[in-house]
Amino acid sequence: MPSPSGPAPSGHTPACPDGGRTADRAPRADGARSAGYRAVFAVHEFRYVFAAHLLSSLGVVVCELALSVLVFRITASPLLSALTFALGLLPYAVGGTLLSAVADRCPARRVLVACDLLCALAAAGMVLPGTPVAALLALRCVLAAIAPVFAGTRAATLGETLGEGELFVLGRSVIRLVNQGAQLAGFAAGGLLLAAVSPRAVLALTAGTFLASALLLRLGTRTRPARGGEGRGALVGASLGGVRRLLADRRVRALLLLTWLPPAFVVVPEALLVPYSGLLGVGPAGTGLLLCSMPIGAVVAESLVGAFLGPRARARLTFPMGVFAVLPSLGFAARPYLGWAVLLLVLTGTGISYNFGVDRWFVAAVPEELLGQAMTVMQAGRMTVMGLAMGLAGVAAQWAPLRVVMPAAGVLGAVCVLAVISEVRRTAPGPDRASAGPVRRGGRGRRPGPKMRRA
């Protein structure tokens with residue numbers, strides 16, 4: 001019996017109808033309110049998705065670090081070494097735009113496993129002795145171009161795996177926690193590994209993490225048909241057409257901007273932490289502490305909000321936390337010393353909790369046949385604007401003091417986020433306009449039916 005093509009509507013619909021089997025059925029939303037993250041991990045299939053994502057996320061972070069060290073050892077060029085990190089963000093736009101239709105035109109498990117295998121091949125190519133630096137950087141671009149397709153497909157599949165809207169939101173929260181935790185653990189593990197073995201040996205290990213992730217997804221997730229049917233015709237044309245259709249929708253466009261803009265301004269002070277630590281004279285230990293502060297704040301806030309607040313309370317936090325995320329950078333105008341700077345960055349990280357509401361509203365606003373592509377575009381756009389913002393922050397810091405550039409991001413960010421919030425409120429459907437809550441649409445031109453998802 002075919003599974004539903006997107007997140008199940010509110011009611012008693014099981015996560016994955018399977019002819020009567022109930023062992024892996026997702027708990028209902030009211031159970032999610034009482035059990036929190038436990039209800040998400042009670043879903044057998046999600047545990048495999050979680051383990052696979054943990055492995056692949058650690059692989060990406062360790063790969064970035066090892067590749068940066070390898071390129072620096074080969075070239076002795078700080079610019080080329082830093083470029084390995086930049087190339088982890090900018091190609092997102094290519095993969096997220098030109099390949100986004102893959103997420104809906106092909107069965108999800110096939111896409112996820114293929115993406116992991118391609119990443120393993122790219123990492124293995126970096127291991128080969130004598131690989132030119134240009135080829136190493138090109139392989140890094142391949143990893144970055146694949147990433148949004150993988151992330152968008154997985155995000156859309158969570159709706160089929162977890163079923164109810166509340167479980168989907170909590171599942172997305174777990175994925176964000178893995179991302180933040182992998183950033184901390186990956187750099188620590190990568191540093192320890194690089195102290196013991198060569199960068200190429202570390203890259204070989206990352207290829208193994210991608211293979212293990214592919215195996216988990218292949219064995220632990222179910223086969224489901226393509227959400228939009230087995231697509232025909234040019235992939236690039238279908239991808240661009242889907243992107244145009246998404247951006248033409250005023251509601252979807254507003255929610256995409258709300259997803260993209262706060263992170264774009266949040267990364268400005270983060271991108272300048274190394275020169276700022278040099279300005280303070282705190283040394284490598286102080287620099288490491290500054291770099292860890294924002295992910296720590298994000299992990300703590302995400303965990304607490306997901307575990308202890310219900311859906312309505314989290315929805316009410318969306319707008320205040322979206323604005324709050326960009327405000328702590330104003331404190332850098334006073335050139336705070338290490339302790340106060342850490343506090344400002346931790347507070348900035350807590351703003352990640354605004355994603356709970358945005359995730360639910362976005363999934364409700366997107367036609368089901370474009371859900372995978374929409375999630376791909378969301379992820380690709382977020383990473384691209386973050387990469388551009390980091391680059392612009394570096395350019396601005398060449399011409400203005402850090403105590404001016406970092407607070408300026410907070411001022412400009414607050415103005416832009418407030419403007420987007422106003423647009424999200426204006427596009428909120430009918431009776432939910434006051435809370436900007438969602439209405440689930442089954443497709444373009446189709447009126448909402450009786451099984452609309454509710455905030």
Side-chain angles (χ1 to χ4, degrees), residues 49-75 78 80-92 95 112 115-129 131 133 135-148 150-151 154 174-217 270 273-274 284 287-289 291-292 294-296 298-299 379 383 386-387 390:
V49 174
F50 168 79
H53 181 55
L54 180 61
L55 285 172
S56 61
S57 296
L58 286 172
V60 168
V61 174
V62 173
C63 179
E64 286 180 345
L65 182 60
L67 183 60
S68 178
V69 172
L70 177 61
V71 170
F72 184 74
R73 289 184 181 179
I74 294 173
T75 66
L80 290 176
S81 179
L83 191 59
T84 62
F85 288 100
L87 290 176
L89 294 177
L90 298 180
Y92 265 74
L112 294 175
C115 285
D116 266 335
L117 292 177
L118 288 173
C119 288
L121 286 175
M126 298 175 187
V127 177
L128 298 176
T131 304
V133 171
L136 292 174
L137 296 179
L139 289 170
R140 181 67 190 97
C141 288
V142 170
L143 289 175
I146 293 171
F150 182 90
R154 183 195 56 230
V174 171
I175 296 299
R176 287 194 296 271
L177 285 170
V178 171
N179 292 338
Q180 297 295 329
Q183 185 176 347
L184 294 171
F187 280 123
L192 292 174
L193 287 170
L194 288 169
V197 297
S198 69
R200 292 190 190 276
V202 176
L203 288 170
L205 289 175
T206 65
T209 64
F210 290 124
L211 289 174
S213 174
L215 183 62
L216 285 170
L217 291 170
E270 187 177 30
L273 287 180
V274 172
T287 302
L289 182 59
L291 290 170
C292 290
M294 200 178 293
I296 289 173
V299 168
Q379 179 71 4
M383 301 302 288
M386 287 171 64
M390 293 172 77

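Everything numeric in this text was worked out from a predicted model, so none of it was measured.
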Taking the side chain as every heavy atom from C-beta outward, state whether [X] and [Y] have any atom pair closer than 4.5 Å.
X	Y	value
Leu58	Thr209	no
Leu136	Ile74	yes
Ile146	Val142	yes
Leu205	Val62	no
Leu139	Leu143	no
Arg154	Ile175	yes
Pro199	Leu194	yes
Phe150	Leu112	yes

According to side chain to side chain donor-acceptor pair (under 3.5 Å), who are the partners of Glu270, at least two apart in sequence or on a separate chain? none
Under 3.5 Å donor-acceptor, Thr206 side chain and Gly59 backbone: no
Ser56 side chain vs Asp116 backbone, donor-acceptor pair below 3.5 Å: no
Looking only at non-hydrogen atoms, find the nearest pair between [X] and [Y] and report the distance.
X	Y	result
Arg140	Met126	N-CE, 3.7 Å
Ala204	Val127	N-CG2, 3.5 Å
Val178	Ser57	CG1-OG, 4.0 Å
Leu291	Pro295	O-CD, 3.4 Å
Val299	Gly181	CG2-N, 4.2 Å
Arg200	Leu128	NH1-O, 3.0 Å

Distance (rounded to the nearest 0.5 Å) between Phe210 CZ and Leu215 CG: 15.0 Å
